[in-house]
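Notes follow the structure.
Throughout, protein chains are lettered first and strands after them, A, B, ... in sequence-line order, and every chain is numbered starting at 1.
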Amino acid sequence: MTTRRTFLHLAGASAALGLAGFPSIARAAGPRVVIVGGGPAGATAARYLKRYAPDAEVTLVEANPTYTTCFMSNEVLAGDRSFDTLQVGYDAMRAEGITVVHDRVTGVDATARTVTTQGGDTLSFDRCMVAPGIDFKYDAIEGYSAEVADSTMLHAWKAGPQTQALRQQLESMEDGGTFVLVSPPNPFRCPPGPYERVSLVASYFKRHKPRSKIILLDAKDKFSKQGLFTEAWEKLYGFGTDDSMIEWISGSNGGGVTKVDPSTMTVSSAGAGDFKGDVVNIIPPQKAGRLAFDAGLADGDWVTVNKGTFECLDVPGIHVLGDASAAAAMPKSASSANSQAKAAVAGVLALARDQEPPSPKLANACYSIAGPEFGFSVAAVYQFDDFENHLKPIEGAGGVSPANADPSIRAREEVYAHSWFENIKTDVWGV
Amino acid sequence: MHISKRGQRRLGLATLTVGLAAAAAPALGDEPAVDHALEIMAGSCTFCHGPNGVGVGPAVPTISGLHAEQFAYMMRTYQDDTNPSTVMGRIARGFSEDEIEQLAVYFEGLPFERPAQPAIDMAMAAEGKELAAEYCESCHENEGRDGEGVGILAGQKLVYMRYAVEDFLEGHRDMERRQARKFRELMDAHGMEGFEKTLHYYASVK
Ligand SMILES: Cc1cc2nc3c(=O)[nH]c(=O)nc-3n(C[C@H](O)[C@H](O)[C@H](O)COP(=O)(O)OP(=O)(O)OC[C@H]3O[C@@H](n4cnc5c(N)ncnc54)[C@H](O)[C@@H]3O)c2cc1C
């Protein structure tokens, strides 16, 4: 008992000393790690790598000089938040000794241990971490394409100019118009996200365009936090009555979308007919970010990894984390990506030093906001099971916010959601 | 309330081990003593609580620098819902007694930092200072900085403390008898506004 506690004190104390910036003792150079992608997964990895191994040479390659968070972007669509609060830069990370390069990575060579970029650079590494996020399967829907997604029927599922453009479309829509949202099949980034979006657009309509309607076409029969969203829609938007602002058409009712026609703004469903929208938001089926395919890391739509170290099972030496990896039972979320990145960093350091990687315990929590003072969450804690290569939810823990909670609890969760947003930005980017 | 003998011993231990760690670091070779399994576990808290347990957001409480006993007590009472929570019950139930103790000692070893809280009204804080001295300081000593058995109020998030007070007043969170009496006295003399001023004051303490 005493020994363990003393040891823990030791560990805690030395971590604190590291933070206080004690003069570092001269050491042999640490591992060279190149990280591709500066989203929640890659940026967390870069910062925590530097924290635990100050002697590591950490290079982050990110295509864009500014990152725009998807999380809280639904509030921007509703006019409840300014776009610039979604944006973060990389200067704080540079100040921590991380080399940040803005370029697009075109190849990762695991044998030569190099990363090549569009700008013509070749970067050498001992280990590489790849966190490119997601890409869309445009061709899963007839008539849809990257061009259509960029001009008329937006996705806004990677935040940035698309977020601003969709906000514009919603603002220009006349009262009495129809907003059609197409929700994708599993698995996809942020399982509660489409339903939060529908809720917040409804909240905007209720205040500014109360005669408008929302059609939610779904490939699925159930969705994340369904009970809580349904409760919110009933309480706030008349769901279940003749006068409901929101109509949800499930997969078994034919809600899956097969075809679109941008010239008439029409969406064709598998079994529920055609729908014309004044604003149409297609969230397409998803797969790992393009680099996962170009670099030969993907296995099907996603990258299969050791879920303890996030090392790619097919390509040793390359760790793939965040949305691009298949990390069930964890959902694809910023919180998951942040938690996983810390395990991946420990894995990278252990493997670079020929040590046994730790068996990580991770967590996810996703807040959703369904209207004014109406927040709720889903949370889970996971233990890595190396025999099954599974992230196993701890029984008895986790779950969603209680049904029919007191309004003051829903209000608190909205406030905590905003607080989470500020805190995770700081944990990920140091801003 | 004074720092107990036990508290003093703990402090002594902490100082001693800091010395040891500094001395031991070079002997451990080319890497500092990092317990990665524990770091990852603590990392599953910081996307909500902020890096090192210190948040910049307005509400999620800071959890570093808390006395390990108080920290573990909060986690255990979240687990069985004797302490009300929006989300912590669901999180805390994912950790064993032993893991809670490790986390408690880990976060105790990190400093409770006090980033600026823009929502604080300095005029209210000024009035709250006297109220705090009269109604709270007997337990929340050293301007709320000493957290043993009571939690740290100095520089804690204003919104979190407001929720805690609501929970105490509505009977969702247990109060000891003397605490309940002080709450009643403050309420009788100054109403909710008295609490609000007191909390603005505690949140403003650097
Ligand atoms: C509307 C919406 C709401 C959401 N809300 C929440 C929420 O409330 N909570 C939550 O936890 N999660 C939420 N999410 C999910 C969250 O945004 C994602 O899970 C998270 O962004 C995944 O992080 P990532 O680092 O894996 O990928 P990304 O965030 O996509 O980051 C990938 C980065 O890699 C860069 N990149 C890609 N390819 C290359 C290349 N070849 N070279 C260089 N750079 C490259 C990209 O520019 C990008 O910056 C939401 C998502 C959406 C769409």
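The shortest distance between side-chain heavy atoms of Y416(A) and V87(B) does not fall below 4.5 Å.
Smallest separation of non-hydrogen atoms from Y48(A) and T46(B): OH-OG1, 3.8 Å. The minimum heavy-atom distance linking W420(A) with F47(B) is given by the pair CD1-O, 3.2 Å. Between A379(A) and R90(B), the shortest heavy-atom contact is N-NH1, 4.0 Å. What you find for E422(A) and V56(B) is that their closest heavy atoms are O-CG2, 3.7 Å. Here the closest heavy-atom approach between residue I394(A) and residue R93(B) is recorded as CG2-O, 4.3 Å. Contact between K342(A) and G43(B) at its shortest, heavy atoms only, is NZ-O, 2.7 Å.
Looking only at heavy-atom pairs under 4.5 Å with chain A, the residue among P58(B), A92(B), G89(B), P84(B) that has the most is P58(B). Heavy-atom pairs under 4.5 Å with chain B peak, among S335(A), G396(A), P360(A), at S335(A). Per-residue counts of heavy-atom pairs under 4.5 Å with chain A were compared for D167(B), I91(B), V159(B); the largest is that of D167(B). Taking chain B as the reference chain and counting heavy-atom pairs below 4.5 Å, the highest number among I409(A), V428(A), N364(A), V400(A) is found for V400(A). Ranking A380(A), A334(A), A343(A), A341(A) against chain B, the residue ahead of the rest is A343(A), based on heavy-atom pairs under 4.5 Å. Put simply, of P358(A), P40(A), S419(A), A397(A), the one with the most heavy-atom pairs under 4.5 Å next to chain B is S419(A). Between chain B and the residues S339(A), A350(A), S377(A), the largest count of heavy-atom pairs under 4.5 Å involves S377(A).
How far CG of L38(B) is from NZ of K361(A): 12.0 Å, rounded to the nearest 0.5 Å. H36(B) NE2 to Y52(A) OH: the interatomic distance, rounded to the nearest 0.5 Å, is 7.5 Å.
Using modelled atom types, no side-chain atom of R412(A) and backbone atom of T86(B) make a donor-acceptor pair closer than 3.5 Å. A distance-only check finds no donor-acceptor pair linking the side chain of S44(B) to the backbone of A363(A) [under 3.5 Å]. Under the 3.5 Å distance criterion, the side-chain polar atoms of N423(A) are matched with a main-chain donor or acceptor of G57(B).
In F168(B), the CZ atom is crowded: over 12 heavy atoms of neighbouring residues, nucleotides or ligands sit closer than 6.0 Å. Within a 6.0 Å sphere centred on NZ of K129(B), heavy atoms belonging to other residues, nucleotides or ligands number 12 at most. Within 6.0 Å of CD on E96(A) lie more than 12 heavy atoms contributed by other residues, nucleotides or ligands. For CD of E193(B), the number of neighbouring non-hydrogen atoms (other residues, nucleotides, ligands) closer than 6.0 Å is 12 at most.
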Output, in order, the C-alpha distance, side-chain angles, deciding distance and verdict of side-chain contact (heavy atoms from CB on, under 4.5 Å) for H172(B) and D406(A).
CA-CA 13 Å; H172(B) 299 312; D406(A) 192 86; over 6 Å; no
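Within the 4.5 angstrom heavy-atom criterion, no atom of Y382(A) approaches chain B. Proximity to chain A is limited to the side chain of E99(B), based on heavy atoms less than 4.5 angstrom apart. In this structure, chain B has no heavy atom under 4.5 Å from any part of V431(A). Heavy atoms closer than 4.5 Å to chain A are found in both the backbone and the side chain of F95(B).
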